[in-house]
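Quick note on labels: first sequence line is chain A, next is B, and so on, each numbered from 1. Values below: every heavy atom of this structure, side chains too, minus hydrogens, waters and symmetry copies.
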Amino acid sequence: MHTDLPVHNKLVVITGPTAVGKTSVAVEVAKALRTEIISCDSRQMYREMRIGTAVPGAEELSAVPHHFIGNLSIHDYYNVSMFEQECLQLLDRLFQKYQTVVMTGGSGLYIDALCKGIDDFPTVDLEIRRTVTGWFENEGVEYLRRQLKMLDPEHYTKVDLRNHKRIMKAIEVCLQTGKPYSSFLTAQTRKRSFRIVKLGLNRPREELFERINQRTGLMMEEGLLEEAQALYPHRHLNALNTVGYKELFAYMDGVHDLDTAIELIRRNTRRYAKRQLTWFARDPDMQWLHPGQLDEIKAKCGE
RNA sequence: GGUACCAUAGCUCAGUAGGUAGAGCAACGGACUGAAAAUCCGUGUGUCCUUGGUUCGAUCCCGAGUGGUACCA
């Protein structure tokens with residue numbers, strides 16, 4: 001188990017908003033350290049979604065071994081907890097070969113789950129999920145609120161009652177276990193057997209937005225539309241509720257023209273980047289750097 | 001060169017019978033415990049082109065200037 005490993009092992013987390021330039025920095029760092037890269041990107045895991053999720057290029061993938069890229073199908077069920085478990089197991093193995101391992105990606109919840117742990121509760125059966133989803137679709141949020149108030153009055157006072165997903169999750173766990181959702185929440189930070197260095201990459205907003213705009217154009221040139229067209233039959237899958245795909249599905253449905261779809265991809269990517277920054281901003285362990293400061297970044301990784 | 005019209009938020013525009021202004025989009029800020037590139041919440045950010053005048057008070061009325069658009073030369 002990982003708890004038996006020596007404590008000099010170290011995980012370098014390189015994160016930041018989408019399109020900031022994480023991939024190339026991580027590859028440079030991993031090459032310098034002669035180690036491997038673990039991706040913590042909730043969408044690059046799906047092998048059907050390569051162009052739209054900006055997976056690393058062929059040279060980058062061959063230069064450094066990558067994990068958790070294209071390892072799932074859009075039809076697979078997956079969640080943060082599974083990522084935490086699989087990641088810890090993988091790290092056990094990698095730390096036998098390497099003193100330092102690099103992790104990169106922009107899914108804040110996934111990073112936190114690995115670094116701090118996430119409370120354990122049973123996976124919800126599909127039928128229960130369907131039932132609760134049906135309640136939301138047929139009865140509305142107000143009905144969900146009343147259910148939660150009965151099932152878990154404590155959590156009812158804490159959740160964002162306007163966010164149906166939060167309410168649904170709690171109800172599902174209550175129904176699955178027969179116990180209140182809040183009884184599973186400990187909010188305890190799990191002890192890890194390795195040191196963690198968190199590097200947040202960022203750029204001036206204008207610079208970041210420019211990169212987002214350019215990358216969107218590049219994706220289209222690489223065939224994002226064709227990729228999306230191939231996935232159109234599965235557009236209702238959760239994995240495809242993703243920036244870059246949903247806008248193109250709307251175009252295919254005739255909701256708006258292609259230029260509008262591309263503009264919406266750019267806008268929604270900008271908004272996503274902002275949400276990521278908000279998430280990372282509250283992490284006191286994050287050390288912020290510009291992607292161009294490669295020497296400083298490498299120095300931090302060597303510490 | 002002449003005539004007409006226009007100049008208000010980042011953009012497109014509305015408006016104030018004279019009491020320092022508001023829509024859409026864009027933008028900005030925040031939350032986040034198994035669907036997280038998801039989901040949810042909050043916020044007008046303004047020399048009302050410049051400058052004289054009338055007025056208790058001008059973004060609004062009058063004059064001049066500057067810039068733009070259209071038409072006529």
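- The distance between atom CZ of R162(A) and atom P of rG30(B), rounded to the nearest whole Å, is 17 Å.
- Two residues, G106(A) and T186(A), neighbour RNA chain B, and the one matched to the more 5' nucleotide by heavy-atom proximity is T186(A).
- For RNA chain B, runs of at least 3 consecutive pairs of the Watson-Crick or G-U wobble type, with both hydrogen-bonding distances under 3.5 angstrom, map to B:1-7 with B:66-72, B:10-13 with B:22-25, B:27-31 with B:39-43, B:49-53 with B:61-65.
- With no hydrogens or angles considered, a side-chain donor-acceptor pair links H290(A) and E207(A) at under 3.5 Å.
- Looking at D257(A) and T260(A), their side chains do bring a donor and an acceptor atom within 3.5 Å of each other.
- Residue M49(A) is grouped with residue M219(A) when hydrophobic side chains (ILVMFWY) are merged at heavy-atom distances under 4.5 angstrom, including chains of intermediate members.
- If you check the side chains of Q276(A) and Y272(A), you find a donor sitting under 3.5 Å from an acceptor.
- Residues Y181(A) and E172(A) have side chains that never bring a donor and an acceptor to within less than 3.5 angstrom of each other.
- Taking atom C1' in both rA38(B) and rG34(B), the straight-line distance is 13 Å, to the nearest Å.
- Contact annotation: Y181(A) reaches the phosphate of rG34(B) (side-chain N/O to OP1 or OP2, under 4.0 Å).
- For the residue pair T18(A) and R215(A), a side-chain donor N or O sits within less than 3.5 Å of a side-chain acceptor on the partner.
- Nearest to the side chain of L185(A), among rA35(B), rU33(B), rA27(B), sits rU33(B).
- Remark: the separation of the C1' atoms in rC25(B) and rA58(B) is 31 Å, to the nearest Å.
- A gap of 36 Å separates the P atoms of rC11(B) and rA73(B), to the nearest Å.
- For the pair R146(A) and Y143(A), the cation does not sit on the ring face, since its NZ or CZ is not both under 6.0 Å from the ring centre and inside 45° of the axis.
- For I118(A), whose side chain is taken as the heavy atoms from C-beta onward, the closest listed nucleotide among rU39(B), rA35(B), rG34(B) is rG34(B).
- Side-chain N/O atoms of Y78(A) include none lying less than 4.0 angstrom from OP1 or OP2 on rA35(B).
- With both ends at atom C1', the span from rC60(B) to rG18(B) equals 7 Å, rounded to whole Å.
- Within 4.0 Å of Y245(A), counting heavy atoms only, lies no atom of the nucleic acid at all.
- For K274(A) and rC28(B), the shortest distance from a side-chain N or O to OP1 or OP2 is not below 4.0 Å.
- If you measure from atom CG of D160(A) to atom P of rA31(B), you get 13 Å, rounded to the nearest angstrom.
- Residue-to-nucleotide contacts include no donor-acceptor pair under 3.5 Å from the side chain of R43(A) to the base of rA35(B).
- Taking 3.5 Å as the limit, the base of rA35(B) and the side chain of R129(A) contain a donor-acceptor pair of atoms between them.
- Nucleotide rG34(B) is shown with a syn base, its glycosidic torsion being within 90° of 0.
- Among the nucleotides rU33(B), rG29(B), rA38(B), the one closest to the side chain of R205(A) is rG29(B).
- Closest-nucleotide positions on RNA chain B for Y46(A) and T278(A) were compared, and the one nearer the 5' end corresponds to T278(A).
- Separating the C1' atom of rA14(B) from that of rA9(B) is a span of 13 Å, rounded to the nearest Å.
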